[in-house]
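Atom set for the values below is all heavy atoms of this structure, side chains included, hydrogens, waters and symmetry mates excluded. Every chain is numbered from 1, with letters handed out A, B, ... down the list of sequences.
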Amino acid sequence: MSIKILLDKCTGCTLCVKACPFAAIKMIDRPADAPGKSKKVAVIDLDTCTLCGACVESCKFGAIELKKELGGTDHDLSHFKGVWVFAEQREGKIQSVAYELLTEGKKLAGDLKTEVCAVLCGDAAIEEEVEHLFAYGADKVYLITHPELKHYHTAPYTSAVAEAITKYKPEIMLLGATTMGRDLAARLAIRVGAGLTADCTGLDIDPVKKILLQTRPAFGGNIMATIQTVRHRPQMSTVRPKVFKKVKIQNPKVKSNDNVIKFTPVISAEDLVVKLLEIIADESVKVNLSEAEIIVSGGRGLQEAKNFKLVEELAAVLGGAVGASRATVDAGWISAHHQVGQTGKTVSPKLYIACGIAGKIQHLAGMQSSDTIVAINKDPDAPIFKVATYGIVGDLFEFVPLLTRKIKELRG
Amino acid sequence: MDIIVCIKQVPDTTEVRINPETNTLIREGVPSIVNPFDENAVEAALQLKEKHGGKVTVITMGPPQAAEALKTTIAMGADEVVLVSDRAFAGSDTWATSYTLSQTIKKLGHYDLILCGKQAIDGDTAQVGPGIAEWLNIPQVTFVSKVEINGATAKVERMLEEVNEIVACPLPAVLTVVKQMNEPRLPSLKGMMRAKKAEVKMMNAAQIEGDPKNLGLNGSPTSVVRIFTPKAKGNGEILTGEPAEIVDKLLGKLKERKTI
């Protein structure tokens, strides 16, 4: 395992210097013992380098060599077929993110000339939900039922899904980047020896290598990284909810014994040691932020807790969810389930309306992948305007109620 | 009770800026900090120690300069710190990182509880904590906002999307904590003095008896294809006019975009 610059190929172009996210490459004068055209060549500081490989991809001259001893699944990868989507269900109801991933999974499966399959875990009653998966494009459904799978717990779900992966060998497995998806995927990937990329916002198939290219934000959304898994299967991703749109297909498959593969997993006593004691509902949550198409968020500009009512009213007329900046949650104006941003939730709705939110980078990291962003703020220099599609420089106490009233009128 | 806290030294991503000319990250002058969620984990460990006695050991995998982050935790009150550092770890993704940390933990001897932050603010994966739990074959509870220890069981509150969930989990286990867990204490003056003198225990690949095929680049199923700066959303439109006019303009545009 090592990285080196082939000095005879290096042209001194500095592309690699720019590509390195860790500032580990600099230009030096070409050493006398390494003749070449350019005066300068690149050199890598091995103490700072993390071997991420970004420079290798950036070099147009094949002058950077990253040697990796081949590890991983040694068997023939061609046995792994199909794109799987983990169909997250809560309280017996499949979550929207599963349909979004089926729609995207179908596109990927098309590129790979394979099928898209849903994996649904639950107790026996969950079978009623199967037809919805076909409606959103599933070619097959793996229906894994067991009384202990009614409610999500890490261990029994890991055992059940790992058993299915080992048996049926998918090449790609997509899960929602929800608390459930991220909890499960992280453990599952180690169990089955898969490569896992978190919280993806873009998925593509490399047209030549036929592998999954997974793009995701890092460094608080300051940079994007595209990640691949070359020698391990399945290639696993958790995918940010609402990034992909769910689309019902025409002529969905009709549920039959051929396309619903039922099985009962082996769940050991050891898998059941963590017990659910209680679920504490948060009455203030009317619409789940992660599932919402529209989010109206309030910030410090609201001045006090009771003014969240303005945000709630606008959210209500739009049928949206209520979000909040960290400052308002820390101040105790609203519960933490509403918090958007790096220490709260990452959301990607169709419409995000920020009311009185300055837009610190931690907040932006949690919402800047929204389709349309509307910002209402008194301060014309507030950073939120840098990501806003439409900005209103003005008093939220004037504009938010006005907006609520006009939308009400519009909708009769 | 013996508690191990896994931390990561990260660049303060809130200080990271993009150079508009080259479109690259400006890293000069960006301070390295203890990942904020990991500070919550250290705080939780210290509070449990204050209540139940025992020892808090903080570990990290990273380059030699990560010792600074460990010293910060000593200043907060950690008893011992361990830096796992080796060139062989370079290029580790979450698979290799969780393996390396789990091997280290195995070598440290007895533990009742392992605490991690829910995720690091540079990578944002939230995958290493559960990975460690899997390698050690012990239970995990993620997104924890409260913990109470009763004998060999932890009563844990998890913060989910819409609700909180309370679970009972036998120890030892891995818990990953959210910001809502607590308010991390600031290092005390006495703590800072102690941190200056404190020894950072070093361990390398040989000492943790890591299988070379599971370490660093070799043990990492994922690799980076490309890193780029996102296209600036930019060119946002500031709507002007009388308030009623502005709102009408906005609603017109949103309808045009089929947003509402």
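For chain A, the nearby part of B/Q119 is the side chain; its heavy atoms alone come within less than 4.5 Å. Contacts of A/S290 with chain B are made by side-chain atoms alone, with heavy-atom separations under 4.5 Å and no backbone atom involved. Of the atoms belonging to B/L251, it is side-chain heavy atoms, and not backbone ones, that fall under 4.5 Å from chain A. Contact annotation for B/F37: only side-chain heavy atoms (C-beta onward) come within less than 4.5 Å of a heavy atom of chain A. Only the side chain of B/L250 comes within less than 4.5 Å of a heavy atom in chain A; its backbone stays farther off. Contact of A/Q339 with chain B is made through the side chain alone, with heavy-atom distances under 4.5 Å. Both the backbone and the side chain of A/A336 come within less than 4.5 Å of a heavy atom in chain B. Proximity to chain B (any heavy atom under 4.5 Å) is restricted, for A/L318, to the side chain, taken from C-beta onward. Neither the backbone nor the side chain of B/T176 comes within contact range of chain A; no heavy atom of the residue lies under 4.5 Å from a heavy atom of that chain. Only the side chain of B/P11 comes within less than 4.5 Å of a heavy atom of chain A; its backbone N, CA, C and O stay farther away. For B/K249, no part lies near chain A; criterion is any non-hydrogen pair under 4.5 Å. Contact annotation for A/T343: both backbone and side-chain heavy atoms come within less than 4.5 Å of a heavy atom of chain B. For B/Q180, the part lying near chain A is the side chain, with the backbone staying farther off; criterion is any non-hydrogen pair under 4.5 Å. Proximity to chain B (any heavy atom under 4.5 Å) is restricted, for A/A194, to the backbone atoms N, CA, C and O. Neither the backbone nor the side chain of A/T346 comes within less than 4.5 Å of any heavy atom in chain B. Using a 4.5 Å cut-off between heavy atoms, A/V56 does not touch chain B at all. Only the side chain of A/E270 comes within contact range of chain B, with at least one heavy atom under 4.5 Å from a heavy atom of that chain. Residue B/A120 does not touch chain A at all, counting heavy-atom pairs closer than 4.5 Å. Heavy atoms closer than 4.5 Å to chain B are found in the side chain of A/Q362, but not in its backbone. Contacts between A/K350 and chain B at a heavy-atom distance below 4.5 Å involve backbone atoms as well as side-chain atoms. Residue contact with chain A, scored on non-hydrogen atoms closer than 4.5 Å, involves the backbone and the side chain of B/I238 alike. Interface residue A/I190: backbone and side-chain heavy atoms are both found under 4.5 Å from chain B. For A/Q342, the parts lying near chain B are the backbone and the side chain together; criterion is any non-hydrogen pair under 4.5 Å. Using a 4.5 Å cut-off between heavy atoms, A/I279 contacts chain B through both its backbone and its side chain.
Residue with the most contacts toward chain A among B/I166, B/N214, B/V167: B/I166 (heavy-atom pairs, distance under 4.5 Å). When the candidates A/R326, A/R182, A/R90, A/E291 are compared by the number of heavy-atom contacts under 4.5 Å with chain B, A/R182 comes out ahead. Heavy-atom pairs under 4.5 Å with chain A peak, among B/C169, B/P130, B/A168, at B/A168. Most heavy-atom pairs under 4.5 Å with chain A: of the set B/N164, B/L254, B/V156, this distinction falls to B/N164. The candidate with the highest count of non-hydrogen atom pairs below 4.5 Å against chain B, out of A/V287, A/V374, A/L364, A/L46, is A/L46. Highest contact tally toward chain B, considering only A/D395, A/L196, A/T158, is held by A/L196 [criterion: heavy-atom pairs under 4.5 Å]. When each of B/V225, B/V163, B/I227 is scored by its heavy-atom pairs under 4.5 Å with chain A, the top score falls to B/V225. Residue with the most contacts toward chain B among A/I392, A/D282, A/V285, A/L402: A/L402 (heavy-atom pairs, distance under 4.5 Å). Of the residues considered (B/E165, B/M159, B/E157, B/E161), B/E161 shows the highest number of contacts with chain A, using heavy-atom pairs under 4.5 Å. Considering only heavy-atom pairs separated by less than 4.5 Å from chain A, the leading option among B/P243, B/P64, B/S98, B/P139 is B/P243. Interface summary for chain B: among A/V230, A/L213, A/L277, A/L184, the most heavy-atom pairs under 4.5 angstrom belong to A/L277. Ranking A/D199, A/L276, A/I361 against chain B, the residue ahead of the rest is A/L276, based on heavy-atom pairs under 4.5 Å.
Neither side chain, B/S32 nor B/Q65, offers a donor N or O lying under 3.5 Å from an acceptor on the other. Counted by atom type alone, A/R240 and A/S369 present one or more donor-acceptor pairs between their side chains at under 3.5 Å. For the residue pair A/R187 / A/T154, no side-chain donor-acceptor distance below 3.5 Å is found, with atom types taken as modelled. In this model, no donor atom of one side chain and acceptor atom of the other lie less than 3.5 Å apart for A/T197 and A/S237.
Counting only distance, with no hydrogens or angles, the side chain of B/Y99 and the backbone of B/D211 share a donor-acceptor pair below 3.5 Å. Put simply, the side chain of A/T14 never gets that close to the backbone of A/V17: no donor and acceptor are under 3.5 Å apart. Panel note: side chain B/T222, backbone A/Q228; no donor-acceptor pair is recorded below 3.5 Å. Looking only at distances, no side-chain donor or acceptor of B/N182 sits under 3.5 Å from a matching main-chain atom of B/E43. Without hydrogens or angle criteria, B/R158 side chain to B/T142 main chain gives a donor-acceptor distance under 3.5 Å. A donor-acceptor pair is defined here as one N or O able to donate and one able to accept, closer than 3.5 Å; such a pair exists between the side chain of A/N222 and the backbone of A/F219. With hydrogens and angles ignored, the 3.5 Å screen pairs a side-chain donor or acceptor of B/D86 with a backbone N or O of B/A205. Although no hydrogens or angles enter the test, the distance criterion places a donor-acceptor pair under 3.5 Å between the side chain of B/Q140 and the main chain of A/D183. Side chain of B/R226 to main chain of A/T226: no donor-acceptor pair is present (N/O by atom type, distance under 3.5 Å, no hydrogens or angles).
Salt-bridge formation is detected for the pair B/E134/A/R191: a Lys NZ or Arg NE/NH1/NH2 atom is positioned less than 4.0 Å from an Asp or Glu carboxylate oxygen. For the pair B/R257 and A/D371, the salt-bridge criterion is not met [side-chain N within less than 4.0 Å of a carboxylate O]. Salt bridge A/K406/B/D248: present, at least one basic N to carboxylate O contact under 4.0 Å.
A/P349 and A/E293 make their closest contact through CB-O, 3.3 Å (heavy atoms, listed as atom of the first residue, atom of the second, distance). Heavy-atom minimum distance, A/Q235 versus A/T229: OE1-O, 3.8 Å. The minimum heavy-atom distance linking A/L51 with B/G91 is given by the pair CB-CA, 3.9 Å.
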Q. How far apart are the C-alpha atoms of A/T179 and B/K118, what are their side-chain angles, what is the distance that settles it, and do they pass the side-chain contact (heavy atoms from CB on, under 4.5 Å) test?
A. CA-CA 11 Å; A/T179 53; B/K118 76 156 176 163; over 6 Å; no
